[in-house]
Protein chains: 2
Amino acid sequence: MMKIVDRRAANRQRTHEAILSAAQELVRERRQADFSFEELATRADVSRRTVFNHFPTRDDLTLALCNDILAAVIEDFRRCAMEVPVGDSSRDNYFDAIFTALAATDLPGAIRTIVRILPENETDERVSAIMHQALTLLDGVIRSETMRRLPGTDEFQVDLFVSALVNGLATASEHWLKCGVEIDQASDDDWQPYFHAVITQLRHGHLTPAPPSTS
Amino acid sequence: MMKIVDRRAANRQRTHEAILSAAQELVRERRQADFSFEELATRADVSRRTVFNHFPTRDDLTLALCNDILAAVIEDFRRCAMEVPVGDSSRDNYFDAIFTALAATDLPGAIRTIVRILPENETDERVSAIMHQALTLLDGVIRSETMRRLPGTDEFQVDLFVSALVNGLATASEHWLKCGVEIDQASDDDWQPYFHAVITQLRHGHLTPAPPSTS
DNA sequence: TACACTAAGTGCAACATTGCACTCAGTGCA
DNA sequence: TGCACTGAGTGCAATGTTGCACTTAGTGTA
């Protein structure tokens with residue numbers, strides 16, 4: 001058993017994760033984030049005061065939860081990307097790999113969950129901003145995978161692509177939310193046209209006519 | 001999930017128990033108490049300073065360990081006593097029940113363990129005192145069982161019996177330790193004559209000739 | 001509409017753990 | 001025999017958790 005170098009930091013981290021883990025558990029059971037901080041504290045086996053110490057406002061907790069949800073997607077992406085052979089460093093090959101890995105994650109599930117945990121009276125702008133911020137967490141992992149598959153690519157080019165992909169996904173999620181289908185009842189299939197539109201535009205550029213309408 | 005009224009007390013208790021539990025684990029693995037406080041802390045997942053906060057000296061820890069070992073015997077006794085029907089409130093019936101429950105505990109194992117965890121250079125007097133103190137923990141449980149099986153018995157009579165039994169066991173353990181057999185290698189059968197001597201004397205009194213020699 | 005209740009949020013002090021540096025005693029080795 | 005090392009033990013301050021009391025905002029009900 002390894003001796004822990006900084007037990008204080010480790011304990012604090014453990015408490016932090018226990019709170020987040022408990023919150024996720026409650027969201028899973030409730031289908032929304034309607035638990036009280038008291039309830040969360042009990043579930044996490046810490047005091048209510050401690051929950052506030054770690055998450056000064058409910059907003060802070062909500063954002064952290066969103067990040068956690070995306071972290072799971074990132075982990076999925078990483079694992080799936082590892083299972084796709086590197087190939088011949090062609091752009092086509094690379095696009096296939098990235099989109100295959102992305103498609104294999106539960107990104108639609110994550111989007112649904114994020115919507116569910118936001119307060120019901122949240123403004124569209126606020127929902128959109130949070131979704132964008134969460135999706136930008138994909139930035140790093142996609143950048144890494146890009147460097148791995150297309151070594152030597154100009155950094156600016158990489159940034160352009162990654163940025164276009166991440167923002168494309170954010171935009172797609174926005175349109176999905178506005179499509180009129182109750183997001184909580186939406187299936188993964190409902191998300192596919194939006195996802196497909198993003199990857200098609202990225203492959204062929206914006207001079208190519210848009211794919212068939214998503215509605 | 002019940003809300004904990006005093007989380008501080010509960011957490012402190014949990015830490016205390018984690019340390020004791022870890023110590024027991026190390027004793028079980030090592031066959032003696034030769035672990036460092038550092039090692040104990042790591043096993044208990046607390047800091048070394050915390051171990052000292054809970055057990056200011058190694059002696060304090062040793063005594064607490066002895067108590068823990070006897071607590072297990074007490075729990076055994078309680079469980080076994082529950083399985084023996086109350087009967088007719090006769091003295092004979094009562095003696096049978098108490099001695100049956102006692103015999104079903106791992107009292108010899110507890111004695112062996114206690115000896116093992118004491119420092120090798122501990123004096124006979126010290127070993128004896130610790131053993132006595134530990135065995136007196138049986139006092140309460142035997143008293144309760146006596147009141148349950150012989151309701152209305154004079155309290156003085158109860159005290160006489162309980163005291164005679166507990167001190168008899170302590171004396172028996174002392175003689176067992178002095179019998180020349182390496183206690184660590186002793187079997188439960190080696191203990192039986194000593195145990196038997198105690199219960200016989202308690203049943204019939206000291207005017208009856210002593211049972212056959214224990215050596 | 002006023003009041004009671006609930007829950008988020010806040011300030012502050014008590015408490016328990018932790019880190020760190022140190023002393024002291026015992027042990028082993030050159 | 002002196003020195004280096006190890007582990008028990010100690011003092012003290014930093015850190016994180018906890019308890020408690022309070023404020024504020026929102027909600028429901030008589």
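Naming convention: chains lettered A, B, ... in sequence-line order (proteins, then strands); numbering from 1 in each chain. Heavy-atom basis, side chains included; hydrogens, waters and symmetry copies ignored.
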Any cation-pi pair here, A:R48 with A:F55, using under 6.0 Å and within 45°? no

Among all residues two or more places apart in sequence or in another chain, which pass the side-chain contact (heavy atoms from CB on, under 4.5 Å) test with B:E17? B:Q13

Can you find a heavy atom in the side chain of B:H196 that is under 4.5 Å from one in the side chain of B:I199? yes

Applying ring pair (Phe, Tyr, Trp, His ring centres under 6.0 Å), name anything that partners A:F37, two or more places apart in sequence or on another chain. A:F52

Under 3.5 Å side-chain donor-acceptor pair for A:D60 and A:T57: yes

Position toward the 5' end of DNA chain C (nearest nucleotide), B:H16 or A:D59: A:D59

side-chain N/O A:T50 vs D:dT18 OP1/OP2, d < 4.0 Å: yes

Check the distance between C:dA14's C1' and B:N11's CG and give it to me in whole angstrom. 14 Å

Expressed in angstrom and rounded to an integer, what is the separation of A:F55 atom CZ from C:dT10 atom P? 15 Å

Hey, can you pull the donor-acceptor pairs under 3.5 Å for the side chains in residues 65-80 of chain B, sequence neighbours left out?
from: B:D68; atom 1: OD2; to: B:Q24; atom 2: NE2; distance (Å): 3.0
from: B:D76; atom 1: OD1; to: B:R79; atom 2: NH1; distance (Å): 3.2

Where do N or O atoms of nucleotides 12-15 of chain D meet protein N or O atoms at under 3.5 Å, pair by pair?
from: D:dC12; atom 1: N4; to: B:R49; atom 2: NE; distance (Å): 3.4
from: D:dA14; atom 1: N3; to: A:R8; atom 2: NH1; distance (Å): 2.7
from: D:dT15; atom 1: O4'; to: A:R8; atom 2: NH1; distance (Å): 3.4

Please determine, for the side chain of A:R7, which listed nucleotide (D:dG9, C:dG19, D:dG19) has the closest atom? C:dG19

Short side-chain N/O contact from A:T15 to OP1 or OP2 of D:dT17, under 4.0 Å: yes

Please verify the inter-ring angle class for A:W191 with A:W176; under 30° counts as parallel, over 60° as perpendicular, anything in between as tilted. tilted

Expressed in angstrom and rounded to an integer, what is the separation of A:D60 atom CG from C:dA8 atom P? 14 Å

Whether A:R149 and A:E145 form a salt bridge (side-chain N of Lys/Arg under 4.0 Å from carboxylate O of Asp/Glu) is what I want to check. yes

Comparing nearest nucleotides in DNA chain D, the 5'-proximal residue of the pair B:A9, B:F52 is B:F52

Decide if atom CD of B:E29 counts as having more than 12 heavy atoms of other residues, nucleotides or ligands within a radius under 6.0 Å. yes

Check A:K178 with A:D124, please: is the shortest side-chain N to carboxylate O separation under 4.0 Å? no

Would you list the protein and nucleotides 22-29 of chain C atom pairs, both N or O, that sit under 3.5 Å from each other?
none

Among D:dT18, C:dG19, C:dG9, the one nearest A:D6 by side-chain distance: C:dG19

When we call it a touch if two heavy atoms are under 4.0 Å apart, what does A:H54 touch: a base, just sugar-phosphate, or nothing? sugar-phosphate

Taking atom types as modelled, find out whether A:Y94 and A:T146 have a side-chain donor-acceptor pair closer than 3.5 angstrom. yes

Sorted by number, residues from residues 19-38 of chain B placing a heavy atom under 4.0 Å from DNA chain D are B:F35, B:S36, B:F37

